[in-house]
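This report concerns only the one structure given below.
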Amino acid sequence: MSARTYEVRTYGCQMNVHDSERLSGLLEDAGYARAPEGQQADVVVFNTCAVRENADNRLYGNLGHLKPVKDAHPGMQIAVGGCMAQKDRGEVVRRAPWVDVVFGTHNIGSLPVLLERARVQSEAQVEILESLEVFPSTLPTRRESAYAAWVSISVGCNNTCTFCIVPSLRGKEKDRRPGDILAEIEALVAEGVSEVTLLGQNVNAYGVEFGDRGAFAALLRSCGSIDGLERVRFTSPHPADFTDDVIAAMAETPNVMPQLHMPLQSGSDRLLRAMRRSYRSERFLGIIERVRAAMPEAAITTDIIVGFPGETDEDHRATLDVVRAARFASAFTFQYSPRPGTPAATMPDQVPPEVVRERYAELATLVDAIAWEENQRLVGRRVELLVAEGEGRKDGETLRLSGRAPDNRLVHFVPGGELPRPGDVVTAAITYAAPHHLVSDEPATDLRRTRSGDAWAARQGDAGESGQGGAGESSRSADAGAPTSASGAATPGPGTPAAPVLLGLPTLRP
């Protein structure tokens, strides 16, 4: 008898993407097999997000589309987990009674047992825990990438931002011990991983649970001593907790990349107070200035909310002023949407939707213009690229491949004589700049075939001698739940089997 198959559909931030890798690992550990492309899975798992208002509509719309599919496939099961499951609980089964399992953010390890219990008892199983049952990193994992990996250093958040529902769904911050984190990274490197992204809802507050304010900077420096670890990134920090020792650690640790995602949310000090963001625009810009003084070529990205309750034209202009001063390489811009259970949802002076749309368009235009100018500065430079998988949507048409520069900018490049594999490293000369990517139309040079490329090839059932299989060969995406970039264009789905991509995923919410 063949194994039951599964599919995980992921919505939301990098933490959800990493949780989905755990869910896949759990299911495979329990004997399930990943459903082949184009084949209906026996088990469909939705790992949900609750940050934006349309997340509800997207989930229940997709569940509605699956009902006739399930009716036509006896034995098929549907499970809903993640932040929306934690928030809605029994409401999911009430609105979609054909769902078999509902589980929360604190008990993803229960999924295989809940599926079996639902099958045996022929009734929906709803299990929502109020606190973390087991740290996710102790669970089996099916990583989407052979050469890049997420590593959780903490879960939960101790902040009380008035627009954010995450702390009530993920709980208070819980930190892993440094030795456990470093042991996981060392094991990943031994498997061929060359890039890791450290994850936390408020990643630079790491250490608060065990009383060490310098723990995050020390962790970054410790990553620098791991042989074979070539690139270290992290997301998402909070400006209020961002300290100079972290800047020093970034600048002085060669494998910590010159890239920083620093959520602004608003450039108006009045709105930052209303948001309960414990910093002001002057402090934010001061951090940016010190980062650039230590790392002049650092690419800095951000999150901005447009239309927060009470936002005036003056507040909006203050945000535009900070954007001009900060000169972000990219920005995730969000139109504010009220989330039930957050203080902001009941605040007076909700901004009319047409005003929000107008301000959003103005901000997006400015962000794109600055990003384009910043990218144009790089034309003529040679950059080292970690070859990526599945990131160039038009690579097949252009006969290019794609890779990530140290600052995480996406570069589409022409391969040289020998075809590199995802995880290999090449050098490319930038010949063209667009707002959201760079292009190199000169053949890449200095190909370095790496253990990460070997690991990728091994996943293809290859002995490691062949190349990528053709320029532009794309890979499967598990979801289409990402928000838009500053330009309004859809960003890559967060399930895409590629390197952790800060600029192409919705970020965490500190």
Without placing hydrogens or testing angles, list every side-chain donor-acceptor pair under 3.5 Å for residues 88-97, not counting sequence neighbours.
from	atom 1	to	atom 2	distance (Å)
Asp88	OD2	Tyr60	OH	2.9
Arg89	NE	Gln86	O	3.1
Arg89	NH1	Glu130	OE2	2.7
Arg89	NH2	Glu130	OE1	3.4
Arg89	NH2	Glu130	OE2	2.9
Glu91	OE1	Arg94	NE	3.0
Glu91	OE2	Arg94	NE	3.4
Glu91	OE2	Arg94	NH2	2.6

Glu391/Arg404 ion pair, N-O < 4.0 Å:
yes
Test log, rule side-chain contact (heavy atoms from CB on, under 4.5 Å), inputs Gln77 and Asp42:
CA-CA 6 Å; Gln77 292 181 295; Asp42 297 313; over 6 Å; no
In terms of side-chain geometry, is the basic nitrogen of Arg176 or Glu184 positioned less than 4.0 Å from the acidic oxygen of its partner?
yes
Using 0.5 Å steps for rounding, measure from the OG1 atom of Thr253 to the CG atom of Asn255.
7.0 Å
Is it the case that the side chain of Ser452 and the backbone of Ser194 share a donor-acceptor pair, with hydrogens and angles ignored and the cut-off at 3.5 Å?
yes
Under the 6.0 Å and 45° cation-pi test, does Arg177 pair with Phe210?
yes
Leu264 side, atom CG; Ile300 side, atom CD1 - distance, nearest 0.5 Å
12.0 Å
Basic-acidic side-chain contact under 4.0 Å: Arg421, Asp424
yes
Counting N and O atoms only, with roles assigned by atom type, does the side chain of Thr5 sit under 3.5 Å from a partner on the main chain of Ala35, one being a donor and the other an acceptor?
no
Could you please spell out the steps behind the side-chain contact (heavy atoms from CB on, under 4.5 Å) verdict for Phe308 and Thr162?
CA-CA 10 Å; Phe308 186 81; Thr162 55; 3.4 Å; yes
Judged by modelled atom types alone, do Asn158 and Asn202 share a side-chain donor-acceptor pair under 3.5 Å?
no
Working to the nearest 0.5 angstrom, can you tell me the gap between Leu199 CG and Thr197 OG1?
6.5 Å
Ion pair check, Arg34 and Glu7, cut-off under 4.0 Å:
no
Would a 4.5 Å heavy-atom cut-off, applied to side chains only, mark Val99 and Phe46 as touching?
no
Quick check against the 3.5 Å criterion: does Asn408 have a side-chain atom that pairs as donor or acceptor with the backbone of Gln259?
no
Under a 4.0 Å threshold between the charged nitrogen and the carboxylate oxygen, would Arg117 count as salt-bridged to Asp100?
no
Can you check whether Val232 reaches Met257 side chain to side chain, under 4.5 Å on heavy atoms?
no
Least distance between heavy atoms, Ile128 atom then Phe103 atom
CD1-C, 3.7 Å
Can you tell me if Arg451 uses its side chain to pair, donor with acceptor, with the backbone of Val189 under 3.5 Å?
yes
Between the side chains of Asn107 and Glu127, does any donor sit under 3.5 Å from an acceptor?
yes
Checking side chain to side chain donor-acceptor pair (under 3.5 Å) for the pair Asn62/Tyr11: CA distance, chi angles, key distance, verdict?
CA-CA 12 Å; Asn62 286 336; Tyr11 302 86; 2.5 Å; yes
Of all the heavy-atom pairs spanning Pro237 and Pro263, show the shortest one and how long it is.
O-CD, 3.2 Å
Please report the closest heavy-atom contact between Ser152 and His18, naming both atoms and the distance.
OG-CD2, 3.1 Å
Shortest non-hydrogen contact from Leu26 to Pro112?
O-CG, 4.0 Å
Is there a donor-acceptor pair under 3.5 Å between the side chain of Asp303 and the backbone N or O of Met262?
no
How many angstroms lie between CZ in Arg339 and SG in Cys164, if you round to the nearest 0.5 Å?
10.5 Å
Ring centroids only, cut at 6.0 angstrom: are Tyr360 and Phe334 within range, meaning strictly under it?
no
May I ask you to say whether Arg4 pairs ionically with Glu28, meaning some side-chain N is under 4.0 Å from a carboxylate O?
no
Grab the two heavy atoms, one from Lys70 and one from Met76, that are nearest each other, plus how far apart they are.
CE-O, 3.1 Å
Positive for side-chain contact (heavy atoms from CB on, under 4.5 Å) with Val193, one of Leu188, Val151, Ile185:
Leu188
Go through the side-chain N and O atoms of Glu311 and Tyr336 and say whether any donor and acceptor fall under 3.5 Å apart.
no
Output, in order, the C-alpha distance, side-chain angles, deciding distance and verdict of side-chain contact (heavy atoms from CB on, under 4.5 Å) for Val256 and Arg221.
CA-CA 8 Å; Val256 176; Arg221 291 184 184 275; over 6 Å; no
For Leu229 and Cys223, which heavy atoms make the closest approach, and how far apart are they?
CD2-O, 3.7 Å
Would you please say whether a donor-acceptor pair under 3.5 Å links the side chains of Arg277 and Tyr279?
yes
Checking side-chain contact (heavy atoms from CB on, under 4.5 Å) for the pair Gln201/Met15: CA distance, chi angles, key distance, verdict?
CA-CA 8 Å; Gln201 251 84 30; Met15 191 68 76; 3.7 Å; yes
Under 3.5 Å side-chain donor-acceptor pair for His261 and Ser236:
no
